[in-house]
Amino acid sequence: MSTISAPQEQRVVDQVPKQLYIGGEWRDGAKGTLSVEDPATGEPLCEVADAATDDAKAALDAAVEAGPEWAKHPPRERGEILRRAFEAIIEREDELALLMTLEMGKPIKESKAEVAYGAEFLRWFSEQAVRIEGRYGVAPNGQGRLLTMKQPVGPCLLITPWNFPLAMGTRKIGPAIAAGCTMVVKPAQQTPLSMLALAKILEEAGLPGGVLNLITASSAGETTAPLIKDRRLRKLSFTGSTEVGHKLMEQASENLLRLSMELGGNAPFIVFEDADVDAAVQGALIAKMRNIGEACTAANRFHVADGVADQFAEELAEKMGSMKVGRGTEDGIEVGPLIDDNQRTKVSDLVEDAVGRGARALVGGHARDGAGYFYDPTVLADVPEGAHLLRDEIFGPVAPVMGFTDEDEAVAVANDTEYGLVAYLYTSDLKRALRVVERLETGMVGLNQGMVSNAAAPFGGIKHSGFGREGGPEGIEEYLETKYVAVNL
Ligand code: NAP
């Protein structure tokens, strides 16, 4: 049962502009339109503009033209535009959350959480816009003076994924606007509506035309490759898969672009024997099931001390097995559909591979029949080394649990991955916590908590999870260059 009616759904979809936003104007795409579907039903929601390479070039032209004026725009005013947009998002939380659920599938409650999280980047960077500072120092020999200043990088290309349709955008757009950069934004083709709604909100908040240009496209590579090669572009910030990140880095090397790469993850979730197991299970539910498991920060493997592994796996299976699966617009739903059939097939194949090698499904283990791309929450015990889901990013509601004997083994298995985004660690021993945190090869650690995301903190990874940080005081640095002036007194 849903308290949201079909006409209400239609209204929020109808309200969103469906065109490209270039140079402050909404216009059609040269390739016609592309379809956006509801992953809970497989039915189309609407059509949005499909950009061709000429549209992308026009978007970069507009960003380049607006660049010099925007770089000079008073930081306070840049911040106030962001602040107004933050407030508008909060005011429209319900409709934006519904829109997100319709295009991406996550339950309304989670969409609301993302709307709040996404808006927070605009508030945070509205405050950072007026804190861009330089340095003045005496040279060591006492003769000259060393002056440094921060300046906007210049026109940026921002490419975002479908899993957090709003927040992955605001995490880049907020600091770029605050720093005085202009930009071309390309959201994922499966979830363009949240970003289109955001562009409209920023326009209404007073963002001058040309500062943010938005292109939606059915052919990402074809549309963005010429921009990446264009000498006027100065930076590429990408959030998405490691595979595509590699390709983009190769392309960007020709133009020596500044890069930020927020890529895939394979987060270990470690529970020591001294941990509060109930709290660890609660944390595991968040780390695994937030966003239907489709988060780069999702716990991908659970390494639990032998003495408590069975208890942990059984409690987790009980909780995950009782979660309500269904269309995210319906009341009480906790697990929505996966984004598409490919993603669901990938999850199914990974589970089949693990079970084929001897893993036991304590709960779940199956795709759901019928419309939409649903997969049952699944807990696997006794997962053998070699199972593919220990190496690959699962991106679905599947929790493999394995035992370990001691601290050294826990650290070794946690680090045994090419990825390095986040790790979760549960222990009540502070000395052990700090010892293990220092040895973990990740950009972030959740210590006795199952979620790390916070606009005020530097989000990002190491190894094949990428580089650069989004959020926190570090986030704006990605959009600033340092200029040093040697001063002869
Ligand atoms: P994806 O396939 O890499 O796509 C991400 C974005 O890149 C989309 O906008 C996509 O456009 C575009 N794209 C794809 N191929 C391209 C190309 N050749 N040239 C230029 N752009 C291209 O990733 P996804 O499946 O959307 O997202 C899931 C991945 O993102 C996971 O690996 C997840 O871990 C990662 N992620 C990382 C973070 C982080 O902060 N580290 C956060 C969220 C997600 P189309 O939509 O048209 O394909």
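Nothing here was measured: the structure is a model prediction, and the numbers come from that model. Read the numbers this way: they start at 1 and go in the same order the structure lists the ligands and their atoms.
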Judged by modelled atom types alone, do [X] and [Y] share a side-chain donor-acceptor pair under 3.5 Å?
X	Y	answer
Lys18	Thr216	no
Lys172	Thr239	yes
Arg301	Asn266	yes

Side-chain ([X]) to main-chain ([Y]) donor-acceptor, under 3.5 angstrom:
X	Y	result
Asp55	Gly29	no
Lys106	Asn163	yes
Glu103	Leu193	yes

For ligand 1, list all ligand N or O to protein N or O distances below 3.5 Å, rounded to 0.1 Å.
unit_1, atom_1, unit_2, atom_2, d
ligand 1, 3 (O), Ser241, N, 2.8
ligand 1, 3 (O), Ser241, OG, 2.6
ligand 1, 9 (O), Thr160, O, 2.7
ligand 1, 9 (O), Lys186, NZ, 3.1
ligand 1, 11 (O), Lys186, NZ, 3.1
ligand 1, 23 (O), Ser241, N, 3.4
ligand 1, 25 (O), Trp162, NE1, 3.0
ligand 1, 26 (O), Trp162, NE1, 3.1
ligand 1, 30 (O), Gly240, O, 3.3
ligand 1, 32 (O), Glu393, OE1, 2.7
ligand 1, 34 (O), Glu393, OE1, 3.4
ligand 1, 34 (O), Glu393, OE2, 2.5
ligand 1, 40 (O), Arg171, NH2, 2.8
ligand 1, 40 (O), Glu262, OE1, 3.4
ligand 1, 41 (N), Leu263, N, 3.2
ligand 1, 41 (N), Leu263, O, 2.7
ligand 1, 46 (O), Gln189, N, 2.9
ligand 1, 47 (O), Gln189, NE2, 3.0

